Amino acid sequence: MIEATRRVGARARELNADLYHLHDPELMPLGLALKRRGKRVVFDFHEDVPKQLLSKPYLNPWMLHVISAIFARYEKRAAGKLDAVIGATPIITEKFRGKAKRLANINNFPRLGELESTLPSGEKANEVAYVGGISETRGILPLVRSLERTKSDVRLNLAGKFESSSFEQVLKSSEGWQSVNELGFLDREGVRDLLSRSILGVVTLLPTPAYLDALPVKMFEYMSAGIPVIASDFPLWREIIVGHDCGLCVDPEDPDAIAAAIDALVSDRERAEQMGRNGRRAVHEIFNWSIEERKLLQLYTDILA
């Protein structure tokens, strides 16, 4: 983290750009340094870092709360010194209301057409997909355990990298692992091909402070690919999934609930296909990068003006 920050800083000074757009938390000091040099700087908050820190398993709870509080004060003070702050979700954006000179909510939604597939649901294999980091807080253990309880003889296409070797061992010792296709990291073309042959996508993250108000990119990528979503039953996610009738919401810590939702959609391909169409329509109308891109370019224009 330290070495990468140093290299980014050196490259930033070499570029001598008109405007810098940063989003990694460790680059915030670099943003302030660039401002001291008279540069225009936008900082893009993809996650609520103070909340995310509370979910880290390697520090004791007291220390986590102290670090989280310190970082919360630091990021709000820094925000007021930059030219603009972007929040990747409405909740993150509102956190900086009154703290930033300029404030914009620009969501990380998928590009139109990038992941779309035309393969009918009835022609797909008995497979469901998860794409993303593989860790405990992302609900992968209950998901794998749900495979022991499904009645539809379904397999899980698991694409991503393990957070740790110890968690990998825990997963692979589970009985449900026998129903997993371990795919490792996939590029964008690989993700598109994976989603095209999967009946549905799963995003059952656990109810940690960092995830309750998040808008996970993978949820919208599943919708863009035209497959229904099984998602954690968080209020914000329910509003999207149930509101657009593009999937089912479940308790992410309950393998039985996840298994029942998988069986419901795998056994009713017509319903799954209709939900997939609903999700794709919602992406085309609302949840796509084309709309967000215009907001971003307008923000750049305002700053440079």
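Keep in mind that this is a model prediction, so the values were computed, not measured. Position 1 is the first residue of the sequence; numbering continues from there.
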**Prompt:** Is there a donor-acceptor contact under 3.5 Å linking the side chains of H244 and E285?
**Reply:** no
**Request:** Decide yes or no for F234 and E239: does some side-chain heavy atom of the first lie under 4.5 Å from some side-chain heavy atom of the second?
**Result:** no
**Asked** Without hydrogens or angle criteria, can the side chains of N105 and K295 be said to hold a donor-acceptor pair below 3.5 Å?
**Response** no
**Asked** Atom OG in S179, atom CG in L156: separation rounded to 0.5 Å?
**Response** 9.0 Å
**Request:** Measure the acute angle between the ring planes of F109 and F287, then classify it against the limits of 30° and 60° as parallel, tilted or perpendicular.
**Result:** perpendicular
**Message:** Please identify which of these residues, E221, K218, M219, meets the side chain to side chain contact (heavy atoms under 4.5 Å, CB included) condition with V229.
**Reply:** M219
**Main-chain N/O of I291 paired with N288 side-chain donor or acceptor, under 3.5 Å** = yes
**Asked** Donor-acceptor pair, R280 side chain versus A225 backbone, under 3.5 Å?
**Response** yes
**Asked** Is there a donor-acceptor pair under 3.5 Å between the side chain of W237 and the backbone N or O of V242?
**Response** no
**Asked** Does the side chain of S152 pick up a donor-acceptor pair with the side chain of T150 at under 3.5 Å?
**Response** no
**Prompt:** Within the side chain of D187, is there an N or O that forms a donor-acceptor pair under 3.5 Å with the backbone of E189?
**Reply:** yes
**Message:** Looking only at side-chain N and O atoms, does Q274 offer a donor or acceptor that is under 3.5 Å from a partner on R277?
**Reply:** yes
**SB check E148 R145 (cutoff 4.0 Å)** = no
**Request:** State whether the side chain of Y222 and the backbone N or O of V131 hold a donor-acceptor pair below 3.5 Å, judged by distance alone.
**Result:** yes
**Asked** Just by distance, do the side chain of R238 and the backbone of D233 share a donor-acceptor pair under 3.5 Å?
**Response** no
**Item:** Lys/Arg-Asp/Glu bridge criterion (N-O < 4.0 Å) met for K172, E182
**Value:** yes
**Message:** Under a 3.5 Å distance rule, please check whether S198 uses its side chain to pair with a backbone N or O of L195 as donor and acceptor.
**Reply:** no
**Message:** Which residue is it: D83, L82, L34? I am looking for the one with a side chain to side chain contact (heavy atoms under 4.5 Å, CB included) to R40.
**Reply:** D83
**Prompt:** Just by distance, with hydrogens left out, do H21 and D44 show a side-chain donor and acceptor under 3.5 Å apart?
**Reply:** yes
